Amino acid sequence: MIRFQAIYGLCNRLRGIVGAIELGRLTSRDVDIFWVADRDLPARFDQLFEKITLPNVKGVNEKLPLIFHLWGFKNRFINKFLKWFGFQKVFSEFQIHWYIDKYDSIEQLAQKHQIFNFKSYKNVCYKTGNDFGIFRPVSHLTEQIEKITSKFNEFTYGFHIRRTDHSQAITYSPDELFIKEIEMIIRTNIQAVFYVASDDLAIKNKLVEMFGKRIITDLRDIRRASLQDMERAVIELYALSKTKCIYGSYWSSFSETAASIGGIPLVTLVEK
């Protein structure tokens, strides 16, 4: 049995789940997934996505097993006490990623444990598993995605401009790079339109002011503080995945995940 806790933001959780399910396939084990609504992501899985229908997936649960709460204290006595009573260790995201960096895989580590408990915000089996088709937005979100994408033509380019608390994206992928890219595409293709996904309302408004009806976007603010914010994030993620190509931000899991969902090229705009 593999028990996996998806952590942090939306796309971190999605790619973590993809990796956990692939690990289950590689090790011939069932996978129990835990998705806790918290400050990082204030929505349950079933509020955003349909049930995952794979034979080795037991479900996506909103309540963590007790051991996930207890394990990980810096007090070694507590951890030894838990092991003495037969509790299986919970590997933190830091331990998992260190192990992958050193050994290139966690299959052997998982095989050593009858119940393999771990957390991750990355796809731990990215070399063999990258199937985001397992996720299907719930019906009312799918309807909104289709409403947006009905405005697309065959020359719709996706732009993901990550801002707010992501200092690296702000520093290495400034607004000017996206504006220059849009201008260059228009010069080569007069039919081009642009779908813009961003957590920064100011840049959306600026692009609409500059390029008018060529810009397709949602001009409501997204702060990741409520269920409604997370619903809009899912809508933007999937609308972005339906474009011809994505121009994304530096070190952004959102840009990468949208490209993986759509199976489309990703160009990360980075200031040299």
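Computed from a predicted structure; not experimentally measured.
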> Does the side chain to side chain contact (heavy atoms under 4.5 Å, CB included) test come out yes or no for Trp35 and Leu41, once each step is laid out?
Replying inline: CA-CA 9 Å; Trp35 173 301; Leu41 202 164; 3.6 Å; yes

[X] side chain near [Y] side chain, heavy-atom distance below 4.5 Å:
X: Asp30; Y: Met1; result: yes
X: Ile185; Y: Tyr247; result: yes
X: Glu256; Y: Leu266; result: yes
X: Met230; Y: Gln47; result: no
X: Leu14; Y: Leu237; result: yes
X: Asp46; Y: Lys51; result: no
X: Leu141; Y: Gln144; result: yes
X: Leu48; Y: Glu231; result: yes

Answer with yes or no whether the hydrophobic clustering places [X] together with [Y]; edges join I, L, V, M, F, W, Y residues whose side-chain heavy atoms lie under 4.5 Å apart.
X: Ile235; Y: Ile264; result: yes
X: Leu64; Y: Ile17; result: no
X: Ile145; Y: Val193; result: yes
X: Ile7; Y: Val90; result: no
X: Leu219; Y: Val196; result: yes

Short side-chain to backbone donor-acceptor contact, [X] and [Y], under 3.5 Å:
X: Ser173; Y: Ser249; answer: no
X: Arg214; Y: Ala192; answer: yes
X: Thr171; Y: Gln168; answer: no

Reported [atom1]-to-[atom2] distance for the pair [X] and [Y], which is rounded to 0.5 angstrom:
X: Cys125; Y: Asn123; atom1: SG; atom2: CG; value: 6.5 Å
X: Asp200; Y: Lys206; atom1: CG; atom2: NZ; value: 10.0 Å
X: Phe135; Y: Ile52; atom1: CZ; atom2: CD1; value: 5.0 Å
X: Lys151; Y: Lys213; atom1: NZ; atom2: NZ; value: 11.5 Å
X: Tyr250; Y: Leu177; atom1: OH; atom2: CG; value: 13.5 Å
X: Thr142; Y: Arg136; atom1: OG1; atom2: CZ; value: 9.0 Å

> Does atom CZ of Phe155 have more than 12 heavy-atom neighbours from other groups under 6.0 Å away?
Replying inline: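 Result for CZ/Phe155: enclosed.
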
> Quick one: which of Lys204, Arg232, Glu236, Arg163 gives a side-chain contact (heavy atoms from CB on, under 4.5 Å) with Asp199?
Replying inline: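 Only one option passes, and that is Arg163.
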
>> Can you tell me which residue among Ile182, Thr243, Val267, Asn189 is in a side-chain contact (heavy atoms from CB on, under 4.5 Å) with Tyr157?
In response: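 It is Asn189, the one option of Ile182, Thr243, Val267, Asn189 that forms the side-chain contact (heavy atoms from CB on, under 4.5 Å) with Tyr157.
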
> Ring centres of Tyr195 and Phe152 under 6.0 Å apart?
Replying inline: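 Centroid distance Tyr195-Phe152: below 6.0 Å, so yes.
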
>> Salt bridge check, Glu22 against Arg25: does any charged N sit closer than 4.0 Å to a carboxylate O?
In response: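 So Arg25 pairs with Glu22 through a salt bridge.
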
> Salt bridge check: are Lys122 and Asp101 linked by an N-O gap of less than 4.0 Å?
Replying inline: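 No.
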
> Passes side chain to side chain contact (heavy atoms under 4.5 Å, CB included), Thr217 versus Phe159? Steps please.
Replying inline: CA-CA 10 Å; Thr217 192; Phe159 278 67; over 6 Å; no

Distance-minimising heavy-atom pair for [X] and [Y]:
X: Ala197; Y: Phe254; answer: CB-CE2, 4.4 Å
X: Ser252; Y: Ser255; answer: OG-N, 3.3 Å
X: Ala258; Y: Leu240; answer: CB-CD2, 3.7 Å
X: Leu54; Y: Ile134; answer: CD1-CG2, 3.7 Å
X: Ile215; Y: Leu207; answer: CG1-O, 3.5 Å
X: Asp32; Y: Gly59; answer: OD1-O, 3.7 Å

> So Ile33 and Phe45, side chain to side chain contact (heavy atoms under 4.5 Å, CB included) or not? Walk me through it.
Replying inline: CA-CA 10 Å; Ile33 299 165; Phe45 180 85; over 6 Å; no

> Can you name the one residue among Tyr121, Phe118, Phe116 that meets ring pair (Phe, Tyr, Trp, His ring centres under 6.0 Å) with Phe4?
Replying inline: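 Testing each of Tyr121, Phe118, Phe116 against Phe4, the sole residue satisfying ring pair (Phe, Tyr, Trp, His ring centres under 6.0 Å) is Phe118.
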
>> Show, in sequence, the C-alpha distance, side-chain angles and deciding distance for Ile186 and Phe211, and conclude whether the side chain to side chain contact (heavy atoms under 4.5 Å, CB included) test is met.
In response: CA-CA 10 Å; Ile186 292 172; Phe211 301 104; 3.8 Å; yes

